[in-house]
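Structure first, then comments.
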Amino acid sequence: MENLGYLTVLLGFCLSVYAALAALVGKWRRNAFLELSAQRAVAAMWVMVTSATVLLLYAIFTDDFRLSYVSSRSNVDLPGFYKFAALWGGQEGSLLFWSWILATYSFIAVYLGRRAHRDMISYVVAIMMSVQAFFLMLIAFVVSPFQVLMSGSQITPMADGNGLNPLLQHPLMAIHPPMLYLGYVGFAVPFAFAMASLITRQPGDRWIHTTRVWTMVTWLFQACGILLGARWSYDVLGWGGYWAWDPVENASLLPWITATAFLHSVMMQEKKGMMKVWNVVLVSATFLLCIFGTMLTRTGMVSSVHAFAQSPIGPYFNVYLTAMTAFAVFLILSRLDYLKSENELDSVVSRESSFLFNNVILLASCFAVLWGTMFPVISEAFTNEKISVGAPFFNRVNIPIALVLLLLTGVGPLFAWRRTSVESLRRNFLWPAAISVVLGVVLFALGITHFYALMCFILCAFVGITIAVEFYRGARVIQQKQGMWLGRAMVELTHRNTRRYGGYLVHMAVVVMFIGFAGSAFNEETQAEMNVGDKLPLGRYEFELKELTEDNNPNYFSGVAVIDVYRDGQFLETLKPERRQYHASRQDTGIPAIRARLKEDVYIVFAGLATEGQRPVIGAYIKPLVNWIWIGAWMLVMGTLIALIPSKIKRIAPRTRVIATARKRHEVFAK
């Protein structure tokens, strides 16, 4: 097993190196055979990496505890569902999974682009295979998942494994990491196409369409990964929150921010031939931040509940990241003449300027998050003292930035290209602004005085109304012309321009999520040691500990606190938070109990037993509006999928022009 695993990884590494070299040599020497050979080597490499991944999964499911990775990440009684999660639950397996996803992306990208981008596909192959070769080199020679347990010269298998980290034994952790990997790894494809377009000085912007579609797909995966991670944190970690500005959380956010900026500014290049340098920089920065985030997670550079322990791969990542950054910078600087803008900004009040402001604000947020994440590392390097940067810094900097972005979400799409007239501003924004201000006054009168929360609600109302009005106006025109009911007209409107109206749905999803974010300003919490029969008050709620129960199964032992929940003296529900201790790892973790409602969640944690008296410690939280975040997440997925669907385009006019031209030619030849 271990020898076959080593062999498949080594063959995959050799094939990726060959594919990169054959693609370059074939392109430089105009040897079509070598170029085709490189493309086929990509397919063969995918077969090898897939085989290695299947072999490791087989070892996990058959409890092959001769392998160090299997013995440290799985055990006999681990449920089969979580044995899949063991594949990416450790350093070595996660790198193999990373490589398999890249191999799959590479195979699909080459297969789909071999004809449409014939002039530059060899460079795409070379760039993607260089990335693949780096990761397979790490797996083959530095941190192999097929390393066996040895005592001297003898293989010494364990009777049972140490089990998977308890925090990973949750259904969301079988989905969250793959989604993040699909995002992280997928950004290599638009980077490869962007660099290949610079190398070949591609005429026109045909490559931009391919890059945009790939970026949208991987952006969606990254967004899903981030939101699933937030939900996992909320459901599992037991601190009542969904985002802690943890370094690894930040590392996943950084490339998502730059990809968001690219998806907005790329429209400037498609419509106006502007911001070409900026777009290439954003694509490059997104990929490099993905590599940076992977390094941050796996080298022990930062301390995080999400990060792996110290490993020997840090220096390799430093060298590789430096080399790829130098390559991208050199290529961009050497092609500045090719990247000149075709138009200039005509007015500050225009759609072009809104995209520009949007990019500037997004990049400011990206820099703030990056600086706060890396400041402890930088301070330790220069002063030998690690100065931590906590959530207050990130909130203080990013909340105002987020509110400005929320405003631009509403006003930007409704500005006209080139210049927006005063009449257009009045027609589009007067009533939404008036209604949102009135709403703000009403909320203030009702006692909502928290400044940022109040501003967030006002802006959410403003943006939501502008988007709803835009949908209504377009649908109303179709309804009047075709006599269909309004809901059907909205579907028809969206189908005619899926990219635009799918984007509006994504913006509406952002509005809904911001409502949920604003709710955190009104959180309530308390914690106390309790005896059976004791009551714990919190705001309008009261929690009574009815009993403590115990359970035991082959995987873990659990203690359960049975708690009745009352609001204003009226019984609502019985909640049962757990405290589990896993047999294999001897680690314990809590499973909160949540009563989820649209208005607010009741969130109860069994935090453990007090040191003295062995009384249970119960934590209770009231989390207003948090479910709006998860509703917004579903809306974001739906809007992005709609934007990826081709629009309903009629091609009658082009066909008419072709026929007319053909008739003229026939008349000329007849004469």
Side-chain angles (χ1 to χ4, degrees), residues 7-52 99-141 185 187-204 206-207 210-211 214 280 283-284 287-288 291 316 319-335 337-339:
L7 180 61
T8 53
V9 171
L10 188 59
L11 287 174
F13 169 72
C14 294
L15 285 166
S16 61
V17 172
Y18 170 78
L21 294 176
L24 291 175
V25 174
K27 186 65 177 177
W28 293 339
R29 295 190 175 183
R30 299 182 180 179
N31 188 322
F33 173 79
L34 273 179
E35 293 184 82
L36 181 61
S37 174
Q39 296 173 24
R40 291 176 175 174
V42 173
M45 179 274 303
W46 178 84
V47 172
M48 290 297 103
V49 178
T50 301
S51 300
S99 299
W100 178 76
I101 293 177
L102 180 59
T104 305
Y105 272 134
S106 301
F107 177 73
I108 295 172
V110 172
Y111 179 79
L112 295 178
R114 69 191 191 282
R115 291 192 178 92
H117 303 283
R118 191 185 305 272
D119 293 340
M120 64 178 185
I121 194 64
S122 291
Y123 290 111
V124 172
V125 170
I127 293 168
M128 296 199 67
M129 287 303 96
S130 68
V131 180
Q132 183 69 292
F134 169 72
F135 280 91
L136 290 178
M137 179 269 295
L138 293 178
I139 300 169
F141 304 113
V185 181
F187 286 124
V189 180
F191 173 75
F193 274 98
M195 295 299 101
S197 72
L198 292 183
I199 294 172
T200 56
R201 294 178 179 267
Q202 284 292 303
R206 188 176 58 177
W207 67 274
T210 300
T211 303
W214 274 103
V280 176
V283 171
S284 303
F287 170 72
L288 294 172
I291 299 297
Y316 297 94
V319 172
Y320 181 73
L321 184 59
T322 302
M324 292 303 290
T325 303
F327 167 71
V329 170
F330 169 78
L331 203 52
I332 293 170
L333 292 178
S334 64
R335 296 294 191 272
D337 58 331
Y338 158 71
L339 296 171

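These numbers come from a predicted model, not from an experiment.
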**Study point:** Residues forming a side chain to side chain donor-acceptor pair (under 3.5 Å) with Thr104, sequence neighbours excluded
**Key:** Trp46
Exercise for review: Mind checking the CZ-CG spacing from Phe134 to Leu321? Nearest 0.5 Å is all I need.
Suggested key: 9.0 Å
Check your understanding: Can you pull the side-chain hydrogen bond (donor to acceptor under 3.5 Å, both in side chains) pairs that have at least one residue in residues 12-35, sequence neighbours excluded?
Key -> Tyr18-Ser37, Trp28-Tyr123, Glu35-Ser122
Practice item. Identify the two heavy atoms, one from Val125 and one from Ala19, that lie closest to each other, and give their separation to 0.1 Å. Key: CG1-O, 3.9 Å
Check your understanding: Is atom CH2 of Trp214 surrounded by more than 12 heavy atoms (other residues, nucleotides or ligands) closer than 6.0 Å?
Key -> yes
Review point. Quick one: does Phe187's side chain get under 4.5 Å of Val283's, heavy atoms only?
Key: no
**Study point:** Non-hydrogen atoms of Met195 and Ser284 that approach each other most closely
**Key:** CE-OG, 3.2 Å
Check your understanding: Should the pair Phe193 and His117 be assigned to parallel (<30°), tilted (30 to 60°) or perpendicular (>60°) ring geometry?
Key -> perpendicular
Practice item. Could you pull out all residues at least two apart from Ala20 that satisfy side-chain contact (heavy atoms from CB on, under 4.5 Å)? Key: Met129
**Study point:** Nearest heavy atoms of Val110 and Ile121, plus distance in Å
**Key:** CA-CD1, 4.2 Å
Check your understanding: Who pairs with Val329 by side-chain contact (heavy atoms from CB on, under 4.5 Å), at least two apart in sequence or on another chain?
Key -> Thr325, Leu333
Exercise for review: Kindly give the heavy-atom pair with the smallest separation between Ala328 and Phe191, and that separation in Å.
Suggested key: CB-CE1, 4.2 Å
Study note, to complete from the structure: dist Ile291:CD1 -> Thr322:OG1 (nearest 0.5 Å) comes out at 12.0 Å
Practice item. Determine whether Asp119 and Thr200 make a side-chain contact, defined as any pair of heavy atoms from C-beta on separated by less than 4.5 Å. Key: no
Point to revise | Heavy-atom closest contact (Pro190 atom, Thr211 atom, distance) | key: CB-CG2, 3.4 Å
Check your understanding: What distance separates Phe13 CZ from Met45 CE, expressed to the nearest 0.5 Å?
Key -> 12.5 Å
Study note, to complete from the structure: Hits for side-chain contact (heavy atoms from CB on, under 4.5 Å) against Met48, two or more places apart or cross-chain, chain-then-number order -> Leu11, Leu15
Exercise for review: Take Leu198 and Leu339, measure what side chain to side chain contact (heavy atoms under 4.5 Å, CB included) needs, and give me the verdict at the end.
Suggested key: CA-CA 9 Å; Leu198 292 183; Leu339 296 171; 3.8 Å; yes
Check your understanding: Quick one: side-chain contact (heavy atoms from CB on, under 4.5 Å) partners of Tyr111, sequence neighbours excluded?
Key -> Arg114
Revision key, fill the gap. Rounded to the nearest 0.5 Å, the OH atom of Tyr320 sits from the CG atom of Leu288 at a distance of 9.0 Å
Review point. What closest approach, in Å, do Met128 and Ala192 show between heavy atoms, and which atom pair accounts for it?
Key: CG-CB, 3.5 Å
